[in-house]
Amino acid sequence: MTVPLQEGEGQPATVLSCLDYGSDQGITVIQKRRDFLAASRAKRQARPSMVVQARKRKADEPSVSPVRVGYTCSKKVGNAVARNRAKRRLREAARLILPHHAKPGWDYVLIGRKDGTAEREFTALLDDLRGALAKLHK
RNA sequence: GCGGAUGGCUGGAUGAUCGCGCCGGGAAAUCGGUGAGGAAAGUCCGGACUCCUUGAAGCGACGGCGCCGGAUAACGUCCGGCCAGGGCAACCUGAGGGAAAGCGCCACAGAAAUCAGACCUCCCGGCGACGGGGAAGGGUGAAACGGUGGAGUAAGAGACCACCGCCGGGCUGGCAACAGACCGGGCACGGCAAGCCCCGCCGGGAGCAAGGCCAAAUAGGGAUCGCGCGCCUUUCGGGGCAUGGCUGCUUCACCACAGCGAUCCGGGUUGGCUGCGUGAGGCGUUGCGCAAGCAACGUCCCAGACGAAUGGUCAUCCAUGGGAUUCGAUGGAAUCCCGGGACAAAAUCCGGCUUACAGGCCAUCCGCACAG
RNA sequence: GCUGCCGUGGCUCAGGGGUAGAGCACCCCCUUGGUAAGGGGGAGGUCGAGAGUUCGAAUCUCUCCGGCAGCA
């Protein structure tokens, strides 16, 4: 494990469990088209390796977990191999970063970009995600 | 050694660490097992499997296939052979039935494009106009009433002769496609069927978003139109005739009897389970076969997702590209640094085809050069 | 995943074996004091790509490439 992480990252998530939501269901995956469309109308941040969309859910919206995340890689990213690879890297980045930088009650959608998502240095990709989240939360 | 032909295999390896889908155990924490391809691709063919059509036969329409024999569940696939074309050769390529059943087309050029004939020209007579003989030569074209040579003639012509080609006939070899020699005919029969067509063979339609089950919700539907609620007989069992049901028609069988069919309007759902992996299955051995393949025996169980699982990072090694230094200086070898890993990811499942593919490996064969 | 359809000048489309066309747009000229309209002339095409059939292919056949639509 030589990925340079910031303090506390990579360890079992504590931030969300402290918020008393239950650590095993802290983050779930968005699978409904409706939720993707809602996120696409909210705020977004573009980085060389990805585009991040974030939306604070309304209070009456039902959800099984405080944080939800979805991944989108359209045909613009490339063929099936390129799309799968981009999606996997985004998932890995989200696994490392989101437990420490996400805010409860929010939905996030990570969108893959052609070449950028697959070829960018993984550490730079992590920085892209951290930077985008910080900007979106302001 | 150089150049080439064919067939087949492989498609980075190991480890560390953090993770993912599915299956099994467990109350849980979690533990164990397992997890992409030769093309998983394109969706171009063929099937299995489902649903729709009451079943069978015949005819028709439409579509596909097409040398011969074999393989196969089947095929437009594969194997072996034949023929034609290409190559010095190994070998490669070919949708390769029928053009004397009929129709159609063959632009331009050319005298003439399939059925008659003659533009320049050749020969004879003649000053010439012209008359007659002939189709060798020129020219046009993708293609011009066999080709080459001889003999012959005024010039010429299968009118004659030899060889080749073509057509017909039987014979021999072969299961056959076809091949071979022989005899006969002086030659008539241009091409296109991936134009219509003829002949032979095959094919009902839709597709896993097929289809089945469960749950929830609303409705328990409405309107219009068409054909109908049979007839005869009876010993009350039935029989006959109509009518409707064969997604073209006809015939036969069977079924149906009071509803059936068509169109439009309105309402609900975007959930779960199943189909879903023991199969025309893989591997090995033996036998049969030139081969594709088939048979017997043994052995193994090998992805099952549904916003869709195999990854992220790092190290070493391996193949490979570039640069530097040293040794050797003909090829090359060693060390260090940097770069860097083909095409492409199951989506109901099989058999093929087609297309994409860095590099590496193996086998067989051919030509040339050298040596022997 | 399955099933269909379409690729021809810059745009919209014809042409279905024999030298690639039409309308709009573009360029030049005439007309006008000038512009539009009108008239005359002109340029612009690997017919999506590659094989095959044919003497000859935009057209017929096959294989790829790209785009669009439908099906729970």
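Chain letters run A, B, ... following the sequence lines, proteins first, then strands; residues in each count from 1. Only a predicted model underlies this, so the values are computations on that prediction, with no experimental measurement involved.
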Could you check if the base of C/rG48 is syn or anti? Syn means the glycosidic torsion is within 90 degrees of 0. anti
Work out how far the C1' atom of B/rC297 is from that of B/rG8, and round it to whole angstrom. 28 Å
Closest heavy-atom pair and its distance - A/L96, A/F122: CD1-CE2, 3.9 Å
Mind calculating the distance between CZ (A/R83) and P (B/rA308) to the nearest angstrom? 13 Å
Interatomic distance at C1', B/rA188 relative to B/rG184, whole Å: 16 Å
What distance, rounded to whole Å, do you find between the two C1' atoms, one in B/rA358 and one in B/rU354? 22 Å
Any side-chain to backbone donor/acceptor pair from A/R89 onto A/R120? Under 3.5 Å, distance only. yes
How far does the C1' atom of B/rA74 sit from the matching atom of B/rA347, given to the nearest Å? 25 Å
For A/F122 and B/rG312, are the ring centres under 5.5 Å apart with planes inclined under 30°? no
With both distances under 3.5 Å as the test, what is the Watson-Crick or G-U wobble partner of B/rA329? none
Touch class at under 4.0 angstrom, heavy-atom based, for A/R89 against every strand present: sugar-phosphate
Mark yes or no for a side-chain to base donor-acceptor pair under 3.5 Å between A/N79 and B/rA344, with no hydrogen or angle criteria applied. no
Which sits closer to the 5' end of RNA chain B, A/R85 or A/T72, going by the nucleotide each is nearest to? A/T72
When you measure from the side chain of A/R68 to the backbone N and O of A/V29, does any donor-acceptor pair fall under 3.5 Å? no
With rounding to whole Å, what would you report as the distance between C/rG44 and B/rG207 at their P atoms? 48 Å
Give the other cluster members for A/I111, using side-chain heavy-atom distances under 4.5 Å between Ile, Leu, Val, Met, Phe, Trp and Tyr residues; answer none if it is isolated. A/I30, A/F36, A/V51, A/V109
If only side-chain N and O atoms of A/R95 are considered, is one of them under 4.0 Å from the OP1 or OP2 phosphate oxygen of B/rC20? no
If I pick the C1' atom on C/rA25 and the same atom on C/rG67, what distance separates them, to the nearest angstrom? 25 Å
Write down the distance separating the C1' atoms in B/rA291 and B/rU50, rounded off to the nearest Å. 39 Å
Figure out the CZ/P separation between A/R88 and B/rG307, and round it to whole Å. 17 Å
Suppose the criterion is salt bridge (charged side-chain N to carboxylate O under 4.0 Å, His left out): which pairs have a residue in residues 39-53 of chain A, not counting sequence neighbours? none
If only side-chain N and O atoms of A/R91 are considered, is one of them under 4.0 Å from the OP1 or OP2 phosphate oxygen of B/rA309? yes
Please confirm whether the backbone N or O of A/G78 pairs with a side-chain atom of A/R83, one donor and one acceptor, at under 3.5 Å? yes
Here the helical stems involving RNA chain C, each at least 3 consecutive Watson-Crick or G-U pairs closer than 3.5 Å, sorted by first residue number, are C:1-7 with C:65-71, C:10-13 with C:21-24, C:26-30 with C:38-42, C:48-52 with C:60-64
Any strand is fair game: report the nucleotide pairing with B/rA40 by Watson-Crick or G-U wobble, both distances under 3.5 Å, or none. none
Determine which nucleotide pairs with B/rA217, using a 3.5 Å limit on both distances of a Watson-Crick or G-U wobble pair. none
Under 3.5 Å donor-acceptor, A/T117 side chain and A/S49 backbone: yes
Can you tell me how far C1' in B/rA181 sits from the matching atom in B/rC91, rounded to whole Å? 31 Å
